[in-house]
Student: 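My questions all concern the structure below.
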Amino acid sequence: MGNSIEPGMPGNPVRLTDPKMMRALAHPARIAIWSHIALRGSVTATECAEVAGLSPSACSYHLRTLAKYGFVEEDRASAADGRERPWRARLIAFTLEDRPESSAGERVASRLLVENLRASAEEGRARYLDRRSEYPADWRSAAGETFSVAHVTPDELDELRAKMLAVMEAYVRLDPAERSPGALPVRIMLDMYPWFTPEETQ
């Protein structure tokens, strides 16, 4: 799937194992800034400040922290002048895996990051629900949740996830030139977690 795609871009996720890297992204303001850059492309600290509700100098600090751990980088090619420094996303797609050899620090940092990413997504969902009646009818009918169940083995669950990601890949389209006219960003959360107790695996 991903030889021609840069590591960390959709279609070629990298596996996060460094607890410091996970904790760097887990900060709510940094999640907001990183998500905005991933969606919008090259942006400045001033633009991020409006999104995160912080001062440009506070956003510059968060941007430098994100850059230190490889989530964003300066985008000098997009600089309109010497005063504002644009930033672009360098790492958007990643996986967090609970492996037998995972350290306790990795597990704690991974859980914190997942919980804060979920909280950020839930805030966005709540904002949509608060203003749902203001959205066009076609968007309202297309958006929403799907709740289902699959009876699978671990290998089949891996296969199911891979197939769903493969279907979604054609619609990620980070490059605006690849998007259909009128395309707007939609958040997708794919939950796959056991609906059974550990005892049932015996």
Student: Are the side chain of Arg107 and the backbone of Arg99 linked by a donor-acceptor contact shorter than 3.5 Å?
Tutor: yes

Student: So how far is it from Leu112 CG to Arg23 CZ, rounded to the nearest 0.5 Å?
Tutor: 8.5 Å

Student: Same cluster or not: Val114 versus Val108, using hydrophobic residues (I, L, V, M, F, W, Y) connected whenever any side-chain heavy atoms lie under 4.5 Å apart?
Tutor: no

Student: What distance do Thr65 atom OG1 and Leu25 atom CG have between them, rounded to the nearest 0.5 Å?
Tutor: 11.0 Å

Student: Just do the side chain to side chain contact (heavy atoms under 4.5 Å, CB included) check on Trp34 and Leu117 with the steps written out, would you?
Tutor: CA-CA 11 Å; Trp34 170 74; Leu117 284 168; 4.1 Å; yes

Student: Start with the C-alpha gap between Ile37 and Leu66, add the side-chain angles, then the distance that decides, and say whether side chain to side chain contact (heavy atoms under 4.5 Å, CB included) holds.
Tutor: CA-CA 11 Å; Ile37 291 174; Leu66 287 167; 5.6 Å; no

Student: Same cluster for Leu96 and Val14 if Ile/Leu/Val/Met/Phe/Trp/Tyr side chains link at under 4.5 Å?
Tutor: yes

Student: Please walk me through it: do Arg40 and Cys48 pass side chain to side chain contact (heavy atoms under 4.5 Å, CB included)?
Tutor: CA-CA 10 Å; Arg40 306 294 174 187; Cys48 288; over 6 Å; no

Student: Check Ile33 against Cys59 and note the closest heavy-atom contact, atom names and distance.
Tutor: CD1-SG, 3.9 Å

Student: Are Tyr135 and Leu129 connected into the same hydrophobic cluster when the rule is that any two of I, L, V, M, F, W, Y join if their side-chain heavy atoms are below 4.5 Å apart?
Tutor: yes

Student: Is it the case that the side chain of Ser55 and the backbone of Ala58 share a donor-acceptor pair, with hydrogens and angles ignored and the cut-off at 3.5 Å?
Tutor: yes

Student: Could you pull out the closest heavy-atom pair between Ile188 and Met168, with the gap in Å?
Tutor: CG2-CE, 4.0 Å

Student: So, Arg118 and Glu122, do they make that salt bridge, N to O below 4.0 Å?
Tutor: no

Student: Could you go through Met21 and Phe71, starting from their C-alpha distance and side-chain angles, then the distance that decides it, and tell me whether this counts as side chain to side chain contact (heavy atoms under 4.5 Å, CB included)?
Tutor: CA-CA 9 Å; Met21 198 171 176; Phe71 291 104; 3.7 Å; yes

Student: Please check: side-chain N/O of Arg15 versus main-chain N/O of Glu97, any donor-acceptor pairing under 3.5 Å?
Tutor: no

Student: Side chain of Ser120, backbone of Asn116: donor and acceptor closer than 3.5 Å?
Tutor: no

Student: Restricting to non-hydrogen atoms, name the atom on Leu160 and the atom on Ala150 that form the minimum distance, rounded to 0.1 Å.
Tutor: CD2-CB, 4.2 Å

Student: For Asp75 and Pro86, indicate whether the former's side chain and the latter's backbone hold a donor-acceptor pair under 3.5 Å.
Tutor: no

Student: So with a 6.0 Å cut-off around OH of Tyr128, is the heavy-atom count from everything else above 12?
Tutor: yes

Student: If you measure from CG on Leu54 to OG on Ser60, what distance do you get to the nearest 0.5 Å?
Tutor: 11.0 Å

Student: Honestly curious: do Ile92 and Leu113 fall in one hydrophobic cluster under the side-chain, below-4.5 Å linking rule?
Tutor: no

Student: Measuring from atom CG of Asp158 to atom CE of Met192, what distance do you get when rounded to the nearest 0.5 angstrom?
Tutor: 9.0 Å

Student: Has Arg179 got a side-chain atom pairing as donor or acceptor with Arg173's backbone, closer than 3.5 angstrom?
Tutor: yes

Student: What are the two closest heavy atoms between Glu156 and His151, and how far apart are they?
Tutor: OE1-O, 4.3 Å

Student: Do Asp130 and Arg127 meet the salt-bridge criterion of a basic N to acidic O distance under 4.0 Å?
Tutor: no

Student: For Arg30 and His62, indicate whether the former's side chain and the latter's backbone hold a donor-acceptor pair under 3.5 Å.
Tutor: no

Student: Following the transitive rule for hydrophobic clusters with a side-chain heavy-atom cut-off under 4.5 Å over Ile, Leu, Val, Met, Phe, Trp and Tyr, establish whether Leu165 and Val167 coincide in one cluster.
Tutor: no

Student: Could you measure the distance from the CG atom of Leu39 to the CZ atom of Arg187? Nearest 0.5 Å is fine.
Tutor: 8.0 Å

Student: CZ of Arg111 to CE of Met22: how many Å apart, nearest 0.5 Å?
Tutor: 14.5 Å

Student: Work out which heavy atom in Tyr69 is nearest to a heavy atom in Ala24; give both atom names and the distance.
Tutor: CD1-CB, 3.4 Å

Student: Would you check if the side chain of Thr201 reaches a backbone N or O of Pro198 as a donor-acceptor pair within less than 3.5 Å?
Tutor: yes

Student: Between Trp139 and Gly182, what is the shortest heavy-atom contact and its length?
Tutor: CZ2-O, 4.2 Å

Student: Please check if the side chain of Glu50 supplies one atom and the backbone of Glu47 the other of a donor-acceptor pair under 3.5 Å.
Tutor: no

